[in-house]
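Inspection log for the structure reproduced underneath, given as structure tokens.
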Amino acid sequence: MIPTAQAPAQFYRKRQADDRGREIRAIGNPKTATAFELFADVFIPPGTMHNKWITSTGTLFIVPLFGAIECNVNADETFIHINQVAQVSVKAGTKLRFKNVYPDHSVRFLLFLIKSDSAVPFQIQDYTLKAINKLHNLDLQASAAVHLGQFEGREETVYHYKKENTSVFAYVLQGAFEFQNRLVETGEGICLWDQQAIALEALANNAYLVLIEF
């Protein structure tokens, strides 16, 4: 593991009820207010729908991981596919509807909300994970920097914060990682702050994570 000092952190450990997806709210330093309102790892069974009520005004991000999803946000319907990320402004009280149109397999996607009063239009952006063993910035013009990465076992990297006075939330989609010498496994998250860089190491082949600076 790359040598690094221990950083203050908040863990989001997996519970038995989280075997098929996960929802985490109010992410960040528990002693201070946070703009990171919601993170959800969502699985939708074949031919079914998933509804979600939004409780805070902000910018919503939708990232399919496998399978396209039919999405209804602010009365607009669209499809979002793998290797795409959607972002849209939503108001508190908005009802979201997501549908799995496939009859034979589940779909999985990430959903997260950063509180903000700045409005952005609904937009879908393509991205490509061109190589393994690195973090890929999805290059969103937004208040959060979103990264995805797939790693082989024992591969290491360092994430350097893009801005000052921000926090980083990482969620393990598959496998296991060490973040600043702390173990985080599939379905678990960690938030770190008061840092300029974070060292991480994959502990399994095909380890996959999302990392969000906010």
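Ring pair Phe36/Phe112 is tilted by interplanar angle, where 30° to 60° counts as tilted.
Here the side chains of Leu135 and Leu148 are not in contact, with every heavy-atom distance at 4.5 Å or above. Side-chain atoms of Thr157 and Asn133, non-hydrogen and from C-beta on, never get closer than 4.5 Å to each other.
Every residue two or more places apart in sequence or in another chain that forms a side chain to side chain contact (heavy atoms under 4.5 Å, CB included) with Pro30 is listed here: Gln10, Trp193. Remark: Tyr171 pairs with Phe39 by the ring-ring contact (aromatic ring centres under 6.0 Å, His included) rule, at least two apart or across chains. With sequence neighbours left out, Tyr12 forms a ring-ring contact (aromatic ring centres under 6.0 Å, His included) with Phe169. Partners of Lys52 by salt bridge (Lys or Arg N to Asp or Glu O under 4.0 Å), not counting sequence neighbours, listed by chain and number: Glu23. The side chain to side chain contact (heavy atoms under 4.5 Å, CB included) test applied to Asn205 returns Glu152, not counting sequence neighbours. Here Ala68 pairs with Phe79, His81, Tyr102 under the side chain to side chain contact (heavy atoms under 4.5 Å, CB included) rule; sequence neighbours left out. Residues that satisfy the side chain to side chain contact (heavy atoms under 4.5 Å, CB included) test with Ser116, not counting sequence neighbours, are Thr59, Ser118. Listed by chain and number, the residues in a ring-ring contact (aromatic ring centres under 6.0 Å, His included) with His160 amount to none (sequence neighbours excluded).
A distance below 6.0 Å separates the ring centres of Phe177 and Phe151.
Cation-pi geometry between Arg13 and Phe11 is met: under 6.0 angstrom from the ring centre, within 45 degrees of the axis.
When every heavy atom of Gly189 is checked against every heavy atom of Val184, the shortest pair comes out as N-CG1, 4.0 Å. Scanning all heavy atoms of the two residues, the minimum distance from Gln195 to Pro8 falls at NE2-CD, 3.9 Å.
Residue pairs meeting the side chain to side chain donor-acceptor pair (under 3.5 Å) criterion with at least one partner in residues 85-97, sequence neighbours excluded, are Glu77-Arg97.
Applying the under-4.5 Å side-chain rule to Ile, Leu, Val, Met, Phe, Trp and Tyr, the cluster around Leu183 extends to Leu203.
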Result block: side-chain N/O donor-acceptor pairs under 3.5 angstrom for residues 122-130, not counting sequence neighbours:
from   : atom 1 : to     : atom 2 : distance (Å)
Gln125 : NE2    : Leu138 : O      : 2.8
Gln125 : NE2    : Asp139 : O      : 3.1
Asp126 : OD1    : Gln84  : NE2    : 3.0

Only pairs under 3.5 Å count here: list side-chain donor-acceptor contacts from residues 206-213, not counting sequence neighbours, and write none if there are none.
from   : atom 1 : to     : atom 2 : distance (Å)
Asn206 : OD1    : Gln150 : NE2    : 3.3
Glu213 : OE1    : Tyr159 : OH     : 2.5
Glu213 : OE1    : Lys162 : N      : 2.9
Glu213 : OE2    : Lys162 : N      : 3.1
Glu213 : OE2    : Lys163 : N      : 3.1
Glu213 : OE2    : Thr166 : OG1    : 2.6

